Amino acid sequence: MAGHMQVALRGSCPKSHILNRNGALYAPLCALQNTSHIKFSRIPEGASIFDQVADPTASNEGPHYEQLINNNWVFNDPLPDTSYFLTMLHFLSSPISHGSVRLNPSDPNGMALIDPGYLNEEFDVFVPRTALRESIQYMRAPAWQKFNVTPHFTVADNDNTLTEIIRNYVGGGVRCVGTARMVSHDSTDGVIGPDFNLKGVDGLRIVDASVIPYIPSGHTMAVVYALAERASDVIRGV
């Protein structure tokens, strides 16, 4: 099983400052409850992590992470009443960590044992560190200074501190794949073959995101559409 991961960086701006200076920019934005901008990015080609692992993206244009700029307070932490907030969410688009889904041996009919395996690989920590540094640099740009925008928590620019923030704040990106991954007909691994049939079972096919063997470098929705179209042709014998 593989899935996208997310970590947030919040910037805060005192309400008194906003109301007294250029409130037209920030106050309406902070009242919105949706994402205003999305950016896909790559870590530098010469990053030291590539001395340890190969680039997991499909091409040299594939994104390593996704940044979502939210004009509000995101997640379930208590909302302070002294500031307006902008949250930058970072999704790891090309993770290499893998988790597992297993039957509970003490209760096979009960809930499965799910281990998402987040951050098991150093690459999956290196990329969010890069994303956080980029976001911090962005929020420190001169254009933001007149709004007195500052990170909601203290951030020291060193690997240990950023890694601690990532491990404390990381969450699931709701795009898990691979729990019934597709493999070739002659492979002894995997769950289904290219015809979507469950191995060893007649008349049962799986057609959903669980059959994607590796997480794509982006949203899984388009891949699921393509799989559904292909499965429709296979089932109809086209």
Side-chain angles (χ1 to χ4, degrees), residues 1-9 32-47 49-50 52-72 74-75 86-101 114-135 137-138 162 166 169-183 190-192 194 196 206-233:
M1 180 180 74
H4 291 149
M5 289 165 273
Q6 63 184 12
V7 63
L9 175 69
L32 297 177
Q33 296 299 313
N34 62 341
T35 298
S36 60
H37 296 78
I38 298 177
K39 175 188 175 186
F40 290 91
S41 302
R42 290 177 57 84
I43 62 176
E45 298 299 324
I49 191 65
F50 292 132
Q52 305 175 36
V53 298
D55 187 346
T57 59
S59 74
N60 59 7
E61 296 182 350
H64 294 124
Y65 61 95
E66 175 185 359
Q67 291 172 302
L68 282 71
I69 302 177
N70 292 265
N71 302 306
N72 60 334
V74 177
F75 293 139
L86 177 151
T87 302
M88 299 188 74
L89 287 173
H90 306 83
F91 284 85
L92 181 59
S93 300
S94 303
I96 62 175
S97 297
H98 288 80
S100 62
V101 178
I114 301 175
D115 175 13
Y118 293 148
L119 306 179
N120 281 345
E121 300 287 344
E122 177 58 26
F123 178 84
D124 295 347
V125 179
F126 186 97
V127 173
R129 278 203 307 259
T130 303
L132 284 178
R133 284 190 168 106
E134 181 183 279
S135 295
Q137 182 180 12
Y138 171 78
L162 293 177
I166 291 166
Y169 283 86
V170 72
V174 299
R175 299 186 186 105
C176 291
V177 303
T179 52
R181 65 191 186 92
M182 179 185 290
V183 295
V191 178
I192 67 167
F196 296 90
I206 302 175
V207 184
D208 58 28
S210 68
V211 308
I212 304 173
Y214 302 101
I215 195 162
S217 299
H219 297 182
T220 53
M221 178 178 65
V223 181
V224 173
Y225 285 161
L227 280 170
E229 292 287 347
R230 176 56 183 159
S232 176
D233 289 345

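On a predicted model such as this, the values are computed, not experimentally measured, just so you know.
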Open item on the list: I want to check something: taking the side chain as every heavy atom from C-beta on, are Asp55 and His64 in contact at a cut-off of under 4.5 Å?
Closed with: yes
TODO: Could you grab the distance from atom OG1 of Thr179 to atom CG of Asp208, nearest 0.5 Å is fine?
DONE: 7.0 Å
TODO: Can you establish whether the number of heavy atoms outside Gln137 located under 6.0 Å from its atom CD is more than 12?
DONE: no
Task: Among Ile38, Leu92, Leu89, side-chain contact (heavy atoms from CB on, under 4.5 Å) partner for Glu66 - done: Ile38
Task: Heavy-atom closest pair, residues Pro56 and Ile96 - done: CB-CG2, 3.6 Å
Task: side chain to side chain contact (heavy atoms under 4.5 Å, CB included) partners for Ser41, two or more places apart - done: Lys39, Tyr65, Gln67, Glu134
Open item on the list: I'd like to know whether CZ of Arg230 has more than 12 heavy-atom contacts from other residues, nucleotides or ligands below 6.0 angstrom.
Closed with: no
Open item on the list: Tell me whether Thr130 contacts the main-chain N or O of Phe126 through its side chain, where contact means a donor paired with an acceptor under 3.5 Å.
Closed with: yes
Open item on the list: Which label fits His98 and Tyr214: parallel for a plane angle under 30°, tilted from 30 to 60°, or perpendicular past 60°?
Closed with: perpendicular
Task: N/O donor-acceptor pair under 3.5 Å between Ser135 side chain and Ala131 backbone - done: yes
Open item on the list: Would you say that Tyr118 contacts Asp124 through its side chain, given a criterion of any heavy-atom pair below 4.5 Å between the two side chains?
Closed with: no
- [ ] In sequence, state the C-alpha distance, the side-chain angles, and the governing distance for Phe123 and Ile43, and then conclude on side chain to side chain contact (heavy atoms under 4.5 Å, CB included).
- [x] CA-CA 11 Å; Phe123 178 84; Ile43 62 176; 4.2 Å; yes
Open item on the list: Within the structure provided, determine whether His90 and Pro128 are in side-chain contact (heavy-atom separation under 4.5 Å).
Closed with: no
Task: Spacing of His219 atom NE2 and Phe40 atom CZ [to the nearest 0.5 Å] - done: 4.0 Å
- [ ] Give, for atom CD1 of Ile166 and atom CG of Leu132, the distance between the pair rounded to the nearest 0.5 Å.
- [x] 5.0 Å
TODO: Could you tell me the separation between the CZ atom of Arg42 and the OG atom of Ser93, rounded to the nearest 0.5 Å?
DONE: 11.0 Å
TODO: Identify the two heavy atoms, one from Gly190 and one from Val183, that lie closest to each other, and give their separation to 0.1 Å.
DONE: CA-CG1, 3.8 Å
Task: Heavy-atom pair of closest approach, residues Ser210 and Ile206 - done: OG-CG2, 3.6 Å
Open item on the list: Nearest 0.5 angstrom please: Ile215 CD1 to Cys176 SG, how far?
Closed with: 7.0 Å
Task: With Glu121 via salt bridge (Lys or Arg N to Asp or Glu O under 4.0 Å) - residues at least two apart - done: none
Task: Distance-minimising heavy-atom pair for Ala58 and Ser217 - done: N-OG, 4.4 Å
